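Single-structure report; data block below.
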Amino acid sequence: MKKTILVSLVASFIIASCEKELDINPQGTLTEGVIEINETWVNQQLVSAYAMLDGNPGYFWAPASNWALGDVASDDFHKGSSIDDQPPLNDVERYAPNTTNIYLVRKWQALYEGVQRTNQTLNSIELAIEKGTDPSKLLTLGAEARFLRAHYHMDAKKIWNNIPYILETTTEAVSNEIDAWPSIEEDLTYAINNLPDTQADAGRPTSWVAKAYLAKAHMFQNDFTAAKPVLNDIIGSGPFMLVDNYHDNFNGEKNNNSESVFAVQNSVNDGGEGYVNGNRGNRLNHPYGSDAPGGGCCGFFQPSQNLVNAFKTDANGLPLLDTFNDVDVLSDQGIASSDPFTPYAGNLDPRLDWTVGRRGIEYLGWGEMPGMRWTRDQANGGPYVGKKHEILKSQEGTISAAGLPQYNAINTPLIRYSDVLLWRAEIHAEEGELELAKNIVNQIRRRAANPDGFVKNPDGTNAANYVIGEYVTFPDIDYAIKAVRFERRLELASEGHRFFDLVRWGIASQVLNKYVDEEQSKRVYLNGADFVAGKNEYYPIPLDAINTSRDVLKQNPGY
C-alpha cells in the first residue's frame, strides 16, 4: 500500500478537546525528513483524532452532545432563540431538513474528518513499525484509534443509517448500501481485546468503555441476545457505579467520576486562549439575558412543556406514564419577569430542576431563574432554559472561560453508567423478566431520591415539592417496557439520546406526531409539522457528500 505522511496537527484549535487531559502540545506541519517516526509521533496523530470528538471544525453545528439532531428533533427540546436565528434548525425541529442543511453538512464533515484522522493514525502505526518501532508499544494506540473509528461511524449510523465505512486502506469512494454495523462491531471487538482495563489519561477508552459501545451497537440493532452477556459483564465486573448525587454528572469539578463511561474532555483557562478547549458545541445554549450566568448569550435549546410535564409524579412519587401531559406544570409563559409569579406546587421528580431552568427555582447558585428575562423570545422558544451544560456560580472564571461563560469545562457525557443499566432493564422488560427490570429502574430512581442531591434554596430547603418513589411492581410486559422507556427520558434528558431512542424503539412517528399535535398550541411554528414514517427516522445525506462521491453514495429514502 502506498504510504503518505498526512499530519494535521497544525494549530491549537485542532486538538481542542484533548490538549489538557491527554497532555499533548500542538504540533506544526511535519514531514518525514524532519521528524522521528516513533511512538510519540503516532500518539500525536491519535490526539488529532481525539480532537474531533467535540465536533471541530463543525463548531456549534456539529456538537458532540447531539443536542440539535438528537434533542431538538425530539419531544424534549425546542430550537429556542428567535424564529429567524439559525433557521436551518427550524427545519430539523419540523422534520423538514434538506440535503444542504448546515447542521447535517457540518456533522457529516466532522464525523468523517474524525474517521480520516483515525485512519491516518493506523497508517502511521504501520509506518512506525517499518521504521523500527516495537509493535508492542503501538498496540494500545492502534486499539484506541479503532475505537474512535467505531465511535465516529456509530454516530453517523444513528443519524443517517446508510453510511460508508471507511478503512485505513480505502482509496476510492465506498458505497453506503453495505450495512456498517458489522464493521463497527469488528473495530469495537478489536478494541475490547487490545485496550487495557485502565488508562492513565482521562478521556482515553478502556476495554470496559469499548464493551459499553459494543453493547450500544447491539441495542441499536435490537440484538438483545448479543447485548446481554456484554451488559452482564459490565454490570457484574466493570469499574462503573452510580454517583450519589445526580448533578455530579454535570459538575465540571467532578468530571470523569465513577458514572462516566465515556465523555468528551473539555477544559478552559488551560494555557491556551482561555476558551478554545471549552465546551464549544453547547455554546449557543447559554441563557440569553444580560444578567444570566456570567453574562447572557444566544438562548438556544429550550425545554418543551411536554418534557417538563413528564417530571410530574403521583402521590407515591411515580411518573404519570399515560396522563403526564394532560395538565401542564405551571409556567410563566407571557408573564414579565417584573410581575409576580408562584412556581408549580405539585409533586415533581427532583431531576427536573437539574435539567430545566424554570421561573422561581434556584439556578446553580445564580439565584432564582427570573423567567422571561433569560429567554430571547419566550413566545417562540417557551419559558424554560437548559441547565445540565451550565456552571455553578462558584465556578465562574475557573470552570468557565473568563469573560465567555458559555465556554466551560463541563465534560460532554456520551455514555453514562445509568445509560448502561437502563439498556439492561430494557432487555429484562422485553423478555418478561419484570422483577429484574423493576429493580434496575428502582436503582436509578433511588439515586435520584437522595435528598442531599435535590436543588436547594439558599436557606437549605428544597426548591420545589420533590416527591419520587420506587415501583412496587411491574404488572405486565407492556407496563414494564413503558416504565423503562419513560425512565430513560427522565434520566437522560438533554444528553442527545431521545430522538435516537424513539427511532430504535420503532415508535418515533407515533410519539412525535402526537407531541406536535399537542405542543403546536404553545409553539405555533410547529403547525403543519409532520413526521413521516419510513423517511424521518433518518436524516438526508448531505448533497456535497453525494456529489464528492460521484454518486457512489445513494440518498436516503424520501429525500
Side-chain angles (χ1 to χ4, degrees), residues 55 58-63 65-110 159-160 281-288 296-308 333 356 372 374-386 389 406 493-494 496 498-500 502-503 508-509 511-533 535-544 556 558-559:
Y59 204 32
F60 50 74
W61 290 294
S65 63
N66 278 328
W67 65 266
L69 304 180
D71 280 326
V72 169
S74 79
D75 47 354
D76 280 0
F77 278 79
H78 303 304
K79 182 202 79 173
S81 186
S82 57
I83 194 68
D84 58 347
D85 195 0
Q86 293 291 322
L89 197 48
N90 298 332
D91 296 333
V92 170
E93 187 172 358
R94 288 176 47 83
Y95 316 115
N98 60 32
T99 60
T100 59
N101 187 290
I102 192 170
Y103 282 85
L104 298 173
V105 171
R106 291 295 180 87
K107 186 69 173 180
W108 182 282
Q109 291 171 344
I159 295 167
W160 291 285
N282 288 337
R283 68 172 295 272
L284 291 182
N285 304 338
H286 195 66
Y288 179 71
C297 169
C298 309
F300 284 73
F301 200 48
Q302 293 185 247
S304 69
Q305 185 66 52
N306 187 287
L307 174 64
V308 172
Q333 182 74 41
V356 176
M372 189 181 292
W374 278 15
T375 62
R376 189 165 190 168
D377 182 358
Q378 195 187 67
N380 178 67
Y384 305 112
V385 298
H389 50 273
Q406 62 270 35
S494 88
R498 176 64 173 172
F499 177 82
F500 305 114
L502 293 174
V503 170
S509 176
V511 170
L512 295 178
N513 282 325
K514 183 175 188 291
Y515 159 73
V516 167
D517 288 344
E518 296 170 346
E519 197 81 4
Q520 65 186 351
S521 64
K522 305 176 181 72
R523 309 275 78 82
V524 296
Y525 63 82
L526 288 175
N527 287 333
D530 180 36
F531 185 101
V532 179
K535 172 185 176 182
N536 290 125
E537 288 86 355
Y538 300 102
Y539 291 92
I541 294 171
L543 181 61
D544 282 350
N556 278 334
Y559 295 102

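Predicted model, so just to flag it, every value in this text is computed and none were measured. When reading the values below, keep in mind they use all heavy atoms of this one structure, side chains included, and skip hydrogens, waters and symmetry mates.
Atom-to-atom distance recorded for His78:NE2 and Asn306:CG is 8.5 Å, nearest 0.5 angstrom. Put simply, NE2 on His286 and CH2 on Trp374 are 8.0 Å apart, with the number rounded to the nearest 0.5 Å. Rounding to the nearest 0.5 Å places CD1 of Ile102 at 8.5 Å from CD of Gln109. Here Ser509 contributes atom OG and Asp530 contributes atom CG; the two are 7.5 Å apart, rounded to the nearest 0.5 Å. Within the model, atoms CD of Glu93 and OG of Ser74 stand 9.0 Å from one another, a figure rounded to the nearest 0.5 Å. Atom OH of residue Tyr525 and atom CD of residue Gln520 lie 11.5 Å apart, to the nearest 0.5 angstrom.
Relative to the six-membered ring of Tyr559, Lys535 meets both conditions, a distance below 6.0 Å and an angle of at most 45° to the axis.
For the 3.5 Å distance criterion, the side chains of Gln86 and Tyr103 qualify, holding a donor opposite an acceptor.
Val356 has its side chain out of reach of Val385: every pair of non-hydrogen atoms, C-beta onward, lies at least 4.5 Å apart. Between Trp61 and Leu104 there is no side-chain heavy-atom pair separated by less than 4.5 Å. When side chains are defined from C-beta on, Trp160 counts as touching Asn556, because their heavy atoms get closer than 4.5 Å. Asp75 places none of its side-chain heavy atoms less than 4.5 Å from the side chain of Leu307. Using a 4.5 Å heavy-atom threshold, the side chains of Gln378 and Gln333 count as touching. Residues Trp67 and Asn282 form a side-chain contact, since some pair of their non-hydrogen atoms from C-beta on lies under 4.5 Å apart. You'll find the side chain of Glu537 stays beyond 4.5 Å of the side chain of Leu502, heavy atoms only.
What you find for Ala62 and Ala110 is that their closest heavy atoms are CB-CB, 3.9 Å. Minimum interatomic distance between Val516 and Ala529 (heavy atoms only, all atoms of both residues): CG1-O, 3.7 Å. Closest approach of Gly281 to Pro63, counting heavy atoms only: O-CB, 3.4 Å. Of all heavy-atom pairs between Leu512 and Ala73, the closest is CD1-O, 3.8 Å. Of all heavy-atom pairs spanning Asn90 and Ile83, the tightest one is ND2-O, 2.8 Å. Pairing each heavy atom of Val105 with each of Thr99, the nearest pair is CG2-O, 4.3 Å.
In this structure, the ring-ring contact (aromatic ring centres under 6.0 Å, His included) partners of Phe499, at least two apart in sequence or on a different chain, are Tyr539. Among residues two or more places apart in sequence or in another chain, the ring-ring contact (aromatic ring centres under 6.0 Å, His included) test is passed with Tyr384 by none. Annotation: ring-ring contact (aromatic ring centres under 6.0 Å, His included) contacts of Tyr515 (sequence neighbours excluded): none. For the ring-ring contact (aromatic ring centres under 6.0 Å, His included) test, no residue two or more places apart in sequence or in another chain qualifies with Phe500. Residues satisfying the salt bridge (charged side-chain N to carboxylate O under 4.0 Å, His left out) test with Asp76, not counting sequence neighbours, are Arg489. Every residue was checked against the salt bridge (charged side-chain N to carboxylate O under 4.0 Å, His left out) condition with Arg94, not counting sequence neighbours, and none meets it.
Side-chain N or O atoms of Thr375 include none that pairs as donor or acceptor with a backbone N or O of Pro383 at under 3.5 Å. Asp71 contributes no side-chain N or O that, together with a main-chain N or O of Phe77, makes up a donor-acceptor pair within less than 3.5 Å. At distances below 3.5 Å, at least one donor-acceptor pair connects side-chain atoms of His389 with backbone N or O atoms of Asn285. Looking only at distances, a side-chain donor or acceptor of Gln302 sits under 3.5 Å from a matching main-chain atom of Ser81. For the pair Asn101 (side chain) and Pro97 (backbone), a donor-acceptor distance under 3.5 Å is absent. The backbone N or O of Pro542 sits nowhere less than 3.5 Å from a side-chain atom of Trp108 that would complete a donor-acceptor pair. Side chain of Arg523 to backbone of Asn380: a donor-acceptor contact under 3.5 angstrom is found. In this structure a side-chain-to-backbone donor-acceptor pair under 3.5 Å is missing from Glu519 to Leu526.
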Verdict with reasoning, Val503 to Tyr538, per side-chain contact (heavy atoms from CB on, under 4.5 Å): CA-CA 8 Å; Val503 170; Tyr538 300 102; 4.1 Å; yes

